[in-house]
Amino acid sequence: MAQKPAIPKGTRDFLPTEVAKRNYMFATIKEVFRRYGYAPIETPSFELSTTLLGKYGEEGDRLIFRILNSGEKMKKADLDALAQDNLPRFANSLAEKALRYDLTVPFARFVVQHQNDLTFPFKRYQIQPVWRADRPQHGRYQEFTQCDVDVVGSDALMYEVELVQLFDEVLTNLGLPGFTIQINNRKVLSGIAEVCGETARIIDLTVALDKLDKIGEEGVVSELEQKGFTAQSIEKIKPLFQFEGTNAAKLDLMRTYLADSEIGLKGLDELSEVFAQINELGLQRGALIFDLTLARGLNYYTGAIFEVKANDVKMGSICGGGRYDDLTALFGLKGLSGVGVSFGADRIYDVMTELDLFPKALDRTLDILFVNFGSQEANYCMKLLREVRNLGLAAELYPSAAKLQKQLKYANDRNVGYVVMIGAEEAAAGMLSFKNMETGAQEQLSSADFLTKCGQLF
RNA sequence: GAGGUUGUAGCUCAGUUGGUUAGAGCGUCGGAUUGUGGUUCCGAAGGUCGCGGGUUCGAGACCCGUCUUCCUCCCCA
């Protein structure tokens, strides 16, 4: 046998039944997006490297797939940089293009580029694949699809509230029995850093804090020590470990803790407002939780930070997002606040598969199969086939006059609903045999009755 | 990027301290059964043992490299 074919690690093929399920999921998501007033856009799969690099931090840059220059452009390789062991600069000279890493940064670029054609606040959604040169793991792929909704051009907290509702509605409609929407605010994190006297190292601080539920208090302390935080500032962080209770209780606790931090209190005001409105409006199956440890790696969030996890499933976050005030400024457009969230389609798919939430009917790609008894009978079937298709049913004629046994097995394997048999006798009598493949029941019908029945059945 | 783990038929996996011609189940195809599927029975096809090198009289097994799988860390959807 020839060399076994393969696909790159972290990528997948999708079989017809899987595509059917994915389409169902996307259709459900889109329908909700539409009702909330978001319109779809698309951007290229790859961008100029300069658009993407430096937007996701050092770690992010490492995970960006670069596209090697081709032809004469290869001569642009910066050999001096290589000689100086400056690998990042060398890599940049080799690749002027890169596959998009997420949809948010390309969207910021899009907004700046088309600012004169857009009406603000601009609400868009975007469902496209993104690529990360990450090490594949459970629920982690190198190619996966994100479903982003963002609104730019308004700093109204109404949109934070709207996005929480959106999480709740989409995931409820997809049938998830329960999920937790965690919310935090970057300003609160800044306030904590301020209180600890570590404003410069807010990233290290929040990344350590983010791991609290994973590595525990001691783990966080030792990580902070390792990062060089003083015993004094670590002591000031410790009260946060006791952060428990209802959302209201947590907010009260933090008001005391952040009493001296103006920015911290501003963040709490924002959170309180969102909680107040959501309490008023109510959620379906989601629970909104104030989670102080929620930090998220992305540097560009400035206000609310969101993350969603499915209950009772071993899977990382299935959605994430937040508010960013300066993202478009990176591309030269200042003063445009945005807030957006991303649904991790592939993880949601995995969760839905694990919980068996897809409708069974999605497995059916063919409603009716016409058995082929020979060329004359087949010709007779073709007219009926056309009429059945015009009724909107998925129908086909078996391609050859194979043994009936084989044709029925094919129908069985394809999970066909009904089989129509028209042999010489039936054709002469103007009748047909109509067989239900689930029950095995079979009846003789005239063509007219058959078509009426089809209209009723589907 | 760090550490561990895996790779044998289309799929899931056996294969003893290195020793004749590498096995099973499922699936596929054919038949039992020429107009009735899922069950059953019989038979067949299908393998450079991930790839490259090395040790050995002899390697699927041992050693080195490389790719791949899955996991932990990092990070993240």
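All values derive from a computational prediction rather than experimental measurement.
We find that OH of Tyr410(A) is positioned 14 Å from P of U28(B), with the value rounded to whole Å. Rounded to whole angstrom, the span from the CG atom of Asp13(A) across to the C1' atom of C11(B) amounts to 15 Å. One interatomic measurement links the two molecules: NZ of Lys406(A) to P of G35(B), which rounds to 15 Å at whole-angstrom precision. Atom pair Lys435(A):NZ and G37(B):P shows a separation of 8 Å (rounding to whole Å applied). Rounded to a whole Å, the CD atom of Gln126(A) is 15 Å from the C1' atom of A77(B). For Lys9(A) and G1(B), the NZ to C1' distance is 11 Å, given to the nearest whole Å.
The side chain of Gln405(A) contributes no N or O atom lying less than 4.0 Å from OP1 or OP2 of U34(B). Put simply, Lys409(A) has a side-chain N or O that comes within less than 4.0 Å of OP1 or OP2 on U28(B). The phosphate of C73(B) has neither OP1 nor OP2 within less than 4.0 Å of any side-chain N or O from Lys211(A). The side chain of Lys403(A) contributes no N or O atom lying less than 4.0 Å from OP1 or OP2 of G37(B).
For C62(B), the paired nucleotide is G54(B), the pair qualifying as Watson-Crick or G-U wobble because both relevant distances are below 3.5 Å. Pair check for G35(B) finds none; no Watson-Crick or G-U wobble contact set falls under 3.5 Å. The base-pairing partner of G30(B), taking Watson-Crick or G-U wobble contacts with both distances under 3.5 Å, is C42(B). C73(B) is paired with G1(B) under the Watson-Crick or G-U wobble criterion, all donor-acceptor distances under 3.5 Å. Judged by Watson-Crick or G-U wobble contacts below 3.5 Å, the nucleotide U17(B) has no partner.
When heavy atoms are screened at a 4.0 angstrom cut-off, Met437(A) is found touching base atoms of the nucleic acid. The residue Gln137(A) sits close to a base: some heavy atom pair falls under 4.0 Å. Within the 4.0 angstrom heavy-atom criterion, base atoms lie near Leu404(A). When heavy atoms are screened at a 4.0 angstrom cut-off, Tyr141(A) is found touching base atoms of the nucleic acid.
At a threshold of 4.0 Å, the pair Lys55(A)-Asp102(A) does not count as salt-bridged, since none of the basic side-chain nitrogens sits closer than that to a carboxylate oxygen.
A distance of about 40 Å separates the P atoms of C70(B) and G31(B), rounded to the whole Å. Rounded to whole Å, the P atom of G15(B) lies 15 Å from the corresponding atom of A24(B). A distance of about 36 Å separates the P atoms of C75(B) and A14(B), rounded to the whole Å. With P as the reference atom, G60(B) and U21(B) are 11 Å apart, rounded to whole Å. Here, A45(B) and G27(B) have their C1' atoms 13 Å apart, quoted to the whole Å.
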**OP:** For the pair Tyr125(A) and Tyr38(A), evaluate ring-ring contact (aromatic ring centres under 6.0 Å, His included) and give the outcome as yes or no after the intermediate values.
**Re:** CA-CA 6 Å; Tyr125(A) 76 83; Tyr38(A) 293 84; 7.9 Å; no
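When side chains are defined from C-beta on, Trp131(A) does not count as touching Leu63(A), because their heavy atoms never get closer than 4.5 Å. In this structure, Lys97(A) and Arg66(A) have side chains that are not in contact, with every pair of non-hydrogen atoms separated by 4.5 Å or more.
One can find a donor-acceptor pair under 3.5 Å joining the base of G35(B) and the side-chain atoms of Glu426(A).
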